[in-house]
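Order of the sequence lines fixes the chain letters, A, B, ..., with proteins taken first and strands second; residue numbering starts at 1 for each chain. Only this structure's heavy atoms are used, side chains among them; waters, hydrogens and symmetry mates stay out.
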Amino acid sequence: DGGITQSPKYLFRKEGQNVTLSCEQNLNHDAMYWYRQDPGQGLRLIYYSQIVNDFQKGDIAEGYSVSREKKESFPLTVTSAQKNPTAFYLCASSGLQETQYFGPGTRLLVL
Amino acid sequence: QKEVEQDPGPLSVPEGAIVSLNCTYSNSAFQYFMWYRQYSRKGPELLMYTYSSGNKEDGRFTAQVDKSSKYISLFIRDSQPSDSATYLCAMSDSNYQLIWGAGTKLIIKP
C-alpha cells in the first residue's frame, strides 16, 4: 500500500535531549513537509523540502532541524533549543498537484 | 489579520442536518482550495480539492469557491455521527506551500 508512515506514535523527551521523528513515504512524491499542531489550533509549517538534499525553513523552524538525504525520507530533529516541544507533529508529502497527504502523526511529550 | 480565517466552533448539529463550513481569505492569488477532515489524534485526510472558482460535488460533500468574495464553503448533506471531526481548509497560490485555516470542530448529535 502507498502511503506515509511516521514513527514513533508517542515520544517522550527529557530536558536537554534531542529527539528525532521519522517520516517515510512510498508515494514517489518530490515534496515533503513537517507541521506542528497544538491543541485547538491549525497547522504551522516547520520545514519543507522540494527535492533531495535541499530544504527550507517554514514559519516556526527555530529549535528544529531536518535532513533530506533520500527522496523517501524526511526526519525531523527536535533539539534542546526548542523550549516548548509538546505538540502533535505531522509529516506530509505532495506530488505534481498542490494537495498534501499526511501521515498518522507523532505526539511528543516532555518528561 | 490572518491570511485565512476559519471559525473554530464547535459547531453542533443534529444527525441528518445540512452542515455548512466556511473560510474567508485575503490573498487574491490563491487558486487551489482544499478541505481536509481530521479525526481526533489522527493525521488530516483530503476530502475535496478545487481549482479556481465553482462547485465540486462528491457524494454527500459539496465544495464551493467564490473568488470574487474570497470565500470558500464545504457543505455536508445528511450528516452522520461519523462526520464528527475537525474540518480544515487550506489554499495555495501554487508555490508548494499551503496556507491553513485553524479548523472547525464539528459535532453531529445522534
field: A:Gln37 versus chain B, the contacting section by heavy-atom distance below 4.5 Å
entry: side chain
- request: Find out whether B:Phe30 and B:Ser28 are in side-chain contact, i.e. whether some heavy atom of one side chain is under 4.5 Å from a heavy atom of the other.
  value: no
- prompt: Is there side-chain contact between A:Glu24 and A:Ile4, with heavy atoms separated by less than 4.5 Å?
  reply: no
Contact origin within B:Gln38 toward chain A - heavy atom pairs under 4.5 Å: side chain
query: Does any heavy atom of chain A fall under 4.5 Å from the side chain of B:Pro44, the backbone, both, or neither of them?
result: both
message: So for B:Tyr51, is it side chain, backbone, both, or neither that comes closer than 4.5 Å to the heavy atoms of chain A?
response: neither
message: Would you say B:Thr104 and B:Asp7 are linked by a side-chain donor-acceptor pair, where the criterion is simply a distance under 3.5 Å?
response: no
field: Top of B:Arg41, B:Met34, B:Gln6 for chain A proximity - count of heavy-atom pairs under 4.5 angstrom
entry: B:Arg41
Structural part of A:Leu90 lying under 4.5 Å from a heavy atom of chain B: side chain
task: Look at atom CG of B:Leu46 and say whether more than 12 heavy atoms of other residues, nucleotides or ligands are closer to it than 6.0 Å.
output: yes
- prompt: Is A:Arg107 close enough and on-axis enough to A:Phe88, meaning under 6.0 Å and within 45°, for cation-pi?
  reply: yes
